[in-house]
> 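Here it is: the structure, laid out below.
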Protein chains: 2
Amino acid sequence: MSDDRPVGEAVEDYTKAIYSLERRGDVVSPVSTNELAARLGVSAGSASAMVKKLDGLGLATHEPYHGVRLTDAGARVALEVLRHHRLLELFLMQELGLPWDRVHAEAEVLEHVLSEELEACIAAKLGHPATDPHGDPIPTHDLSVPESTTSSLEECPVGARGRFVRVSDADPEMLRYLAARDIRPGQDFAVVERQPFGGPTFATFADDDAVHPLGGELARAMRVELEPA
Amino acid sequence: MSDDRPVGEAVEDYTKAIYSLERRGDVVSPVSTNELAARLGVSAGSASAMVKKLDGLGLATHEPYHGVRLTDAGARVALEVLRHHRLLELFLMQELGLPWDRVHAEAEVLEHVLSEELEACIAAKLGHPATDPHGDPIPTHDLSVPESTTSSLEECPVGARGRFVRVSDADPEMLRYLAARDIRPGQDFAVVERQPFGGPTFATFADDDAVHPLGGELARAMRVELEPA
DNA sequence: GTGCGAGTTTAGCCTCGCCTCAACCTCGTC
DNA sequence: GACGAGGTTGAGGCGAGGCTAAACTCGCAC
């Protein structure tokens with residue numbers, strides 16, 4: 001085990017993508033070549049070729065015509081990169097004051113280049129944090145992730161209360177929108193009203209009385225933990 | 001001006017190498033293909049090809065059979081990378097506690113990847129420092145370098161006093177040796193004795209009475225500013 | 001002035017990593 | 001059992017960078 005011979009950036013990106021696609025639903029399930037291709041913005045042929053390569057590398061198992069799934073080794077690669085990404089996001093924000101909506105792009109490139117030694121220094125400096133600025137859990141040094149079950153804000157009935165725990169880091173627009181309103185993961189929230197037919201959800205955050213309208217797409221991206229009713 | 005289309009890492013490395021070779025002597029002079037090839041550990045043919053490419057890119061002027069020199073644009077590329085490198089070295093040491101002898105290797109890879117925005121954040125965080133941990137001057141944001149004239153410790157006559165200002169960051173062995181003896185750039189020194197025929201130089205540093213023997217190679221790598229006699 | 005060798009350049013070729021297009025194959029459904 | 005959506009394969013391209021070997025300069029030594 002522990003082959004660890006260096007692996008191109010593309011391999012890391014594919015692995016990361018498979019990891020995330022595998023657990024879209026509530027259960028880990030194989031990922032189709034096309035989904036993968038779409039996610040990464042490449043042709044189906046490219047994805048197919050890369051999947052074959054990952055299989056050869058022992059990072060994934062490819063059942064032709066039936067999708068791909070990561071092996072344990074593959075999951076480790078994905079989690080390693082994820083750990084880098086999230087540590088970097090937090091680090092860039094907290095230590096260097098980079099704006100919330102820009103840390104993702106920076107981390108996206110640095111994650112592939114961060115040495116283990118530097119990773120360790122950063123983790124130590126940050127006090128081995130459990131989540132990044134978006135509320136996403138940071139895999140621990142031994143690459144385990146405490147996956148909590150969350151629901152999206154859009155599913156919460158009017159009157160629900162709980163804690164806003166995370167939001168995807170992928171869309172800077174959303175992040176700017178939330179940042180401009182001082183809405184951050186970790187805050188308590190309450191759903192005040194929802195308009196029908198995919199209309200906005202109205203909610204309050206923290207101890208602030210202001211009611212914020214949150215469009216469908218946004219409400220869907222915001223993950224919350226409901227207060228045990 | 002300001003073409004700035006992305007340029008491979010190799011281009012940055014060659015540019016950096018030319019920059020440093022150009023000013024080995026006291027005066028900026030053309031660099032031969034062979035020197036360049038040797039410095040970078042590639043064949044003469046490869047170096048020649050790359051030099052031609054740099055010329056095409058407007059980063060260098062190549063006088064066939066007579067060497068290459070950087071254009072202003074080329075020097076800017078080199079200084080930009082140098083700035084990245086040295087800021088990173090200082091940052092890694094000061095903020096992340098990486099050991100002195102290891103920051104160079106880390107910086108060597110990160111320097112090619114650092115965005116301008118991050119560079120600015122790091123510089124600000126460090127208070128826009130003038131030198132890195134090895135005593136090398138950090139090019140300013142507008143890419144000027146205050147080059148001071150130094151001599152090597154090896155040239156200093158017995159009895160000379162002054163300040164140890166810098167040492168090459170390239171050899172981790174040397175750095176470990178110096179670090180283990182608490183010898184650092186910025187300290188005052190005095191040459192106590194020298195043995196003939198390339199023998200060691202004996203010197204004291206800071207307010208410490210300990211006399212340290214410094215082999216020829218090491219003494220040659222240590223740059224000092226002599227006290228105005 | 002010529003000759004010769006060290007230093008340069010050129011030419012041809014290779015590897016690696018990744019991508020595309022287009023043709024072809026499979027699976028599951030009707 | 002045929003059809004179409006989706007998956008796979010193969011041929012090929014491209015950029016970056018490197019290597020060898022042969023051909024060519026330049027300029028010093030005679």
Side-chain angles (χ1 to χ4, degrees), chain A residues 3-18 21-22 24 29-70 74 77 81 108-109 111-113, chain B residues 3-18 21-22 24-25 29-70 74 77-78 81 108-109 111-113:
Chain A
D3 221 350
D4 272 15
R5 78 213 107 85
V7 98
E9 287 193 15
V11 168
E12 294 185 348
D13 285 337
Y14 273 90
T15 308
K16 222 174 36 156
I18 296 172
L21 289 171
E22 261 184 344
R24 261 163 323 177
S29 55
V31 176
S32 88
T33 308
N34 263 3
E35 290 165 341
L36 197 48
R39 158 74 72 112
L40 292 167
V42 299
S43 72
S46 302
S48 197
M50 186 50 113
V51 159
K52 198 154 77 173
K53 176 174 177 175
L54 292 179
D55 191 311
L57 252 31
L59 298 176
T61 55
H62 182 208
E63 196 89 52
Y65 299 103
H66 295 285
V68 60
R69 26 192 357 157
L70 292 181
V77 170
V81 178
E108 199 66 33
V109 15
E111 64 185 5
H112 299 296
V113 157
Chain B
D3 222 349
D4 274 14
R5 77 214 108 86
V7 99
E9 286 193 15
V11 168
E12 293 185 349
D13 285 336
Y14 274 88
T15 309
K16 221 173 39 156
I18 296 171
L21 289 172
E22 260 183 345
R24 260 163 325 177
S29 55
V31 176
S32 89
T33 307
N34 260 5
E35 291 164 341
L36 197 49
R39 161 74 72 112
L40 292 167
V42 299
S43 73
S46 300
S48 196
M50 187 48 124
V51 159
K52 200 155 76 172
K53 176 174 176 174
L54 292 179
D55 191 310
L57 252 30
L59 298 177
T61 55
H62 182 210
E63 196 89 51
Y65 296 103
H66 295 285
V68 59
R69 28 194 352 160
L70 292 180
V77 170
V81 179
E108 200 65 33
V109 14
E111 65 185 6
H112 299 296
V113 158

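In what follows, chains are A, B, ... by sequence order, proteins preceding strands, each numbered from 1.
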> Please report, rounded to the nearest Å, how far the P atom of C:dC16 is from the CG atom of A:Leu57.
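Distance check: A:Leu57 CG to C:dC16 P gives 14 Å.
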> Given atom CD of B:Glu35 and atom C1' of C:dA6, what is their separation to the nearest angstrom?
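In whole Å, C:dA6 C1' and B:Glu35 CD are 14 Å from each other.
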> In chain order, what residues pass the salt bridge (Lys or Arg N to Asp or Glu O under 4.0 Å) check against B:Glu9, with sequence neighbours excluded?
none
> For the CD1 atom of A:Ile18 and the CG atom of A:Asp13, what is their distance to the nearest 0.5 Å?
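CG of A:Asp13 is found 11.0 Å from CD1 of A:Ile18.
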> Just N and O in the side chain of A:Ser46: are any of them under 4.0 Å from OP1 or OP2 of C:dT20?
yes
> What is the first contacted nucleotide of DNA chain D and what is the last, in 5' to 3' order, if contact means an atom lying under 4.0 angstrom from a heavy atom of chain A?
D:dG6 to D:dT9
> Can you find a pair of side-chain heavy atoms, one from B:Thr61 and one from B:Val68, that are under 4.5 Å apart?
no
> If I compare all heavy atoms of A:Glu22 with all of A:Leu70, which pair ends up nearest, and what's the gap?
OE2-N, 2.7 Å
> OP1 or OP2 of C:dT8 sitting under 4.0 Å from any side-chain N/O of B:Lys52?
no
> Using heavy atoms to find the nearest nucleotide of DNA chain C for B:Ser32 and A:Val11 separately, return the residue whose nucleotide is more 5′.
B:Ser32
> For the pair made of OH in A:Tyr65 and P in C:dT29, what is the distance, rounded to whole Å?
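Distance check: A:Tyr65 OH to C:dT29 P gives 17 Å.
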> Are B:Thr33 and C:dT9 close enough that a side-chain N or O sits under 4.0 Å from OP1 or OP2?
yes
> So, for B:Val11 and B:Leu54, which heavy atoms are closest and what is the spacing to 0.1 Å?
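Closest pair (atom of B:Val11, atom of B:Leu54, distance): CG1-CD2, 3.6 Å.
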> Of all the nucleotides listed (C:dT9, C:dC19, C:dT8), which has the minimum atom distance to the side chain of A:Val42?
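Closest nucleotide among those given: C:dC19.
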> Just to confirm, is there a sub-4.0 Å distance from OP1 or OP2 of C:dT8 to any side-chain nitrogen or oxygen of B:His66?
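It does not, given that no N or O in the side chain of B:His66 lies less than 4.0 Å from OP1 or OP2 of C:dT8.
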> Taking all atoms of both residues into account, what is the closest heavy-atom pair of A:His62 and A:Asp55, and its distance?
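It is N-OD2, 2.7 Å.
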> Taking atom C1' of C:dT9 as reference, at what distance in whole Å does atom CG of B:Asn34 sit?
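Distance check: B:Asn34 CG to C:dT9 C1' gives 11 Å.
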> Please report the distance, rounded to the nearest Å, between NE2 in A:His112 and P in C:dC18.
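So the NE2-P distance, A:His112 to C:dC18, works out to 11 Å.
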> For B:Arg69, is there an ion pair with B:Glu63 - N to carboxylate O distance below 4.0 angstrom?
no
> Want to settle it: does A:Pro64 or B:Glu63 sit nearer the 5' end of DNA chain C, counting the closest nucleotide to each?
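Looking at DNA chain C, the more 5' nearest nucleotide goes with B:Glu63.
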